[in-house]
Asker: 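I have a structure here, written as structure tokens, and I will follow up with some questions on it.
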Amino acid sequence: MDDLVQLHKDGDVAIITINNPPVNALSPGVAQGVEHAIAAAEKDESVSAVVLIGGGRTFIAGADIKEFGKMTSGEKPRGAGLLPLLLRIEDLNKPVVAAIHGTAFGGGLELAMACHYRVAVPNAQVGQPEVKLGIIPGGGGTQRLPRLVGVAKAIEMCAEGNPISAIEAQKLGLVDRLIDGDLLRQAAAFAREVKGKIIKTRERDDKDKLGDSQQNAPLFASAREKARSKQRAMIAPLAAIDAVEAATTLPFDKGCEIERELFRKCLFSDQSKALIHIFFAEREVSKIPDIPKDTPTIPINSVAVVGAGTMGGGIAMVLANAGIPVLLKDADQPSLDRGIATIQKNYSSSVKRRRFTQQFVDERLKLIKPTLSFEDFRNVDLVVEAVFENMALKKEVFARLNQVCRGGAILASNTSTLNIDEIASASSRPQAVIGTHFFSPANVMRLLEIVRGRATAKEVIATCMQLSKKLGKVGVLVGNCRGFVGNRMFHHYVREAVFLVEEGATPQQVDQALYEFGMALGPLATGDLAGLDVGWRIRKEYRHLEKPGVRHAIVGDRLCELGRYGQKTGAGWYKYDENRKPTPDPEINATVRQWAVEAGIPQREITSQEIVDRCIYALVNEGARILEEGVALRAGDIDIIYVSGYGFPSYRGGPMWYADTVGLKNVYEQLCDFHRRFGELWEPAPLLKRMALEGGTFAEFTNARAVA
Ligand code: NAI
């Protein structure tokens with residue numbers, strides 16, 4: 001046998017072991033290896049049953065995702081995929097038992113389902129997660145799964161892509177036996193039990209669980225409705241539902257043909273390419289050229305958070321959720337009490353929503369210790385500062401931390417706009433200072449921008465990157481500049497949204513166009529959610545830096561002057577009821593229109609296309625500057641920031657990938673048009689211009705200077 005798949009015998013049971021570390025992906029050679037092993041087991045008369053098992057820490061975690069790219073680029077011919085091998089296994093005249101530990105996902109589960117029996121350790125997981133990559137199972141998964149678990153569960157698993165535990169799989173009939181202890185030994189014993197018995201009905205001929213059209217019609221209708229609302233605009237979930245439906249109406253072989261067709265349609269779509277890009281980009285973010293994987297890290301066993309407000313409270317919860325003890329400090333008792341009360345309220349609503357159990361929450365709350373004294377910080381490994389966004393105050397806090405914290409402790413700031421180097425200058429150990437920019441609500445949002453200061457030590461960066469994973473966040477290293485990556489780009493996006501309102505669009509039109517583009521929430525509704533006063537304060541602080549003669553928005557400031565700060569004041573761009581449900585406010589729309597007219601801004605009809613192009617290309621143009629400056633390491637890092645922190649649709653791959661998809665030449669031409677019509681804010685970024693003219697893509701761009 002070759003390296004990837006081994007065959008050996010345990011008495012009369014042939015053991016086929018797949019050894020393709022780290023996750024036994026179905027890379028080239030694995031399917032062939034299994035096929036050869038099956039053929040050998042068939043020929044060997046002394047073999048009466050077969051066990052198929054994964055070596056190392058898992059069964060087969062899925063396809064080799066790199067292979068999908070090769071298929072769409074034409075590098076790899078379109079084959080029939082796994083199907084012939086699966087039929088070969090199913091047709092074998094000796095029982096084949098899949099022995100599952102770790103995960104059996106995607107093609108891994110399809111392979112297991114083609115075996116005659118499945119046994120699994122209780123903590124194994126099985127699933128068809130393909131939709132998360134914009135595709136559907138392509139090896140008969142949508143046809144076999146409903147035959148094993150019933151139509152409703154198969155629709156859910158194929159269309160939503162979430163795994164189930166082996167325990168649930170056993171209840172559903174997908175796993176025949178749960179095995180505690182030595183999986184291989186007991187799987188071989190199971191194989192001996194079933195050898196010689198009539199092989200269990202071939203799954204593909206089994207129709208018992210497929211229901212009839214009357215029972216199934218409402219299941220398919222409600223699944224489609226759910227997919228349309230929860231996985232808005234995505235084609236794969238609907239294709240998965242269509243494929244499962246084919247299983248209920250067509251013979252197995254015909255159903256597989258339909259599945260294959262739908263699989264190909266999805267694989268060749270821009271959505272799947274974008275989602276696969278996001279999959280790889282998320283793995284890439286942790287690679288930092290000058291910080292190798294073996295960089296030493298600092299153990300983080302206790303943390304202090306300064307400031308028990310919106311962010312500090314959320315950050316304390318994130319840390320406690322990961323099992324890390326937290327000291328939570330505020331300036332005075334009432335603020336501290338308020339902070340703790342908010343944490344308790346948030347936790348109890350999680351219990352109500354069944355996200356956490358009461359016991360879990362009680363344990364977390366015990367980990368959060370309120371304090372008013374910096375003196376308690378002497379032994380902590382990390383401090384996260386989240387006081388008001390004010391440089392003098394932050395410097396005061398860092399000077400104090402410098403006095404009390406032990407050498408080697410990390411001093412992090414959650415600032416969203418301020419200069420990390422200036423904050424670091426307040427301590428005598430700038431190498432220990434770093435930005436950890438969480439997003440609101442900190443206990444929900446996955447993004448963590450990790451801001452590298454001029455002097456930040458590599459161990460400090462490596463530790464924060466590692467910690468982000470432990471906290472369930474995606475940590476992206478960014479350079480130190482105003483707004484870092486996410487907010488710096490967002491500023492341009494919102495600017496255009498407000499300009500569009502000033503030129504004649506309503507706030508609803510702007511938000512709707514971007515919602516239809518796929519954003520989770522339109523920019524103006526986002527402003528209302530975050531608080532319009534936040535941006536207003538920042539604008540006032542930096543007004544002196546604005547170049548004379550360059551247009552700046554006026555109506556956003558005027559709204560704030562009226563006390564319309566958004567949801568928290570019951571009104572902003574929209575009106576809000578006591579449940580914070582928005583409704584358009586015709587009066588304020590008319591007032592805004594009047595302000596714009598008074599300011600001499602010509603009014604016109606504005607199309608949805610213009611709204612999308614101006615807002616999204618504003619992101620792209622600034623993203624190109626950020627990339628060239630080396631503030632982000634890669635275009636993919638920017639995409640991850642936008643997908644995980646700003647509600648950018650993952651099926652469009654993030655703003656930079658989206659621009660690549662549109663074609664940088666097309667984007668550039670549109671920018672030139674905007675530049676001509678709307679002035680210097682639209683000057684194309686030099687990198688974008690160069691790439692458009694040379695025919696490059698952001699995805700290919702590497703910046704030698706980019707160590708942030
Ligand atoms: P907040 O106003 O809700 O909370 C600030 C807290 O700091 C208050 O409880 C205040 O009493 C406390 N505080 C002030 N001085 C203190 C001192 N000397 N010692 C201890 N505690 C002190 O503010 P928020 O929104 O939580 O922001 C905190 C930081 O996080 C700011 O730097 C902000 O820019 C940043 N940030 C805010 C985001 C947001 O959406 N609110 C998002 C990301 C970052």
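Indexing begins at 1, ligand by ligand and atom by atom, following the structure's order.
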Asker: Distance-only criterion, 3.5 Å: show the donor-acceptor pairs between side-chain atoms of residues 430-446 and protein atoms not counting sequence neighbours.
Answerer:
from : atom 1 : to   : atom 2 : distance (Å)
H437 : ND1    : E449 : OE1    : 2.9
R446 : NH2    : E282 : OE2    : 2.5

Asker: Name the residues with a heavy atom less than 4.0 Å from ligand 1?
Answerer: V306, G307, A308, G309, T310, M311, K329, D330, A331, S335, A386, V387, F388, E389, L393, K394, N414, T415, S416, H437, F438, S440
Asker: Sorted by first residue and then second, give each ring pair (Phe, Tyr, Trp, His ring centres under 6.0 Å) pair with at least one member in residues 325-372; sequence neighbours left out.
Answerer: F356-F360
Asker: Evaluate the criterion ring-ring contact (aromatic ring centres under 6.0 Å, His included) for residue pair Y658 and F517; output intermediate values, then yes/no.
Answerer: CA-CA 11 Å; Y658 172 70; F517 172 80; 5.0 Å; yes
Asker: Which donor-acceptor pairs under 3.5 Å do side chains of residues 520-536 form with protein atoms, sequence neighbours excluded?
Answerer:
from : atom 1 : to   : atom 2 : distance (Å)
T526 : OG1    : G522 : O      : 2.7
D528 : OD1    : W573 : N      : 3.0
D528 : OD2    : W573 : N      : 3.1
D528 : OD2    : Y574 : N      : 3.1
D528 : OD2    : Y576 : OH     : 2.6
D533 : OD1    : K568 : NZ     : 3.0
D533 : OD2    : K568 : NZ     : 3.1

Asker: Is the backbone N or O of L619 less than 3.5 Å from a side-chain atom of Y642, with the two atoms forming a donor-acceptor pair by type?
Answerer: no
Asker: Suppose we call two aromatic rings close when their centres sit under 6.0 Å apart. Are Y493 and Y617 close by that rule?
Answerer: no
